[in-house]
Amino acid sequence: MRQYAIERNEQTLEFADFAPGHANQWKRARKIIRPRLEGFEERLEVDDGNGFVPYYTIPMRKVT
């Protein structure tokens, strides 16, 4: 089980996450959850020491 310290930033939730794949390539990673009209968006950003850049974004939508 993993525990995360979640920060609320305006309308997003952000928390530190594990860097994908090449662990020695990334210094840190963070996940950002943002609400959307259709559901929410999950984004992972990675930092190689020069600041965070997007790694992936997944739009999630409500299923009715």
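Keep in mind that this is a model prediction, so the values were computed, not measured. Just so it is clear, the values below take in all heavy atoms, side chains as well, and ignore hydrogens, waters and symmetry mates.
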Among pairs that include at least one residue of residues 44-53, which meet salt bridge (Lys or Arg N to Asp or Glu O under 4.0 Å), considering only residues two or more places apart or in two chains?
R28-D47, R30-E45, R43-E45
So, taking the atom named CG in L13 and the one named CZ in F40, what distance separates them when rounded to the nearest 0.5 Å?
10.5 Å
Sequence neighbours left out, what passes side-chain contact (heavy atoms from CB on, under 4.5 Å) with I58? Give chain and number order.
E42, Y56, M60
Taking L44 as the starting point, is it possible to reach W26 by hopping between hydrophobic residues whose side chains are less than 4.5 Å apart?
yes
Nearest-0.5 Å distance that lies between atom CZ in F52 and atom NZ in K27
12.5 Å
Kindly indicate, with the supporting measurements, whether the criterion side chain to side chain contact (heavy atoms under 4.5 Å, CB included) is fulfilled by E41 and T57.
CA-CA 7 Å; E41 173 184 281; T57 302; 3.4 Å; yes
Extract all donor-acceptor atom pairs below 3.5 Å that involve side chains of residues 4-11 and protein atoms in other chains or at least two apart in sequence.
from: Y4; atom 1: OH; to: D17; atom 2: OD1; distance (Å): 3.4
from: N9; atom 1: ND2; to: E14; atom 2: OE2; distance (Å): 3.2

Any chance you could measure K62, atom NZ, to L37, atom CG, to the nearest 0.5 Å?
8.5 Å
How about CZ on R36, more than 12 heavy atoms from neighbouring residues, nucleotides or ligands closer than 6.0 Å, or not?
yes
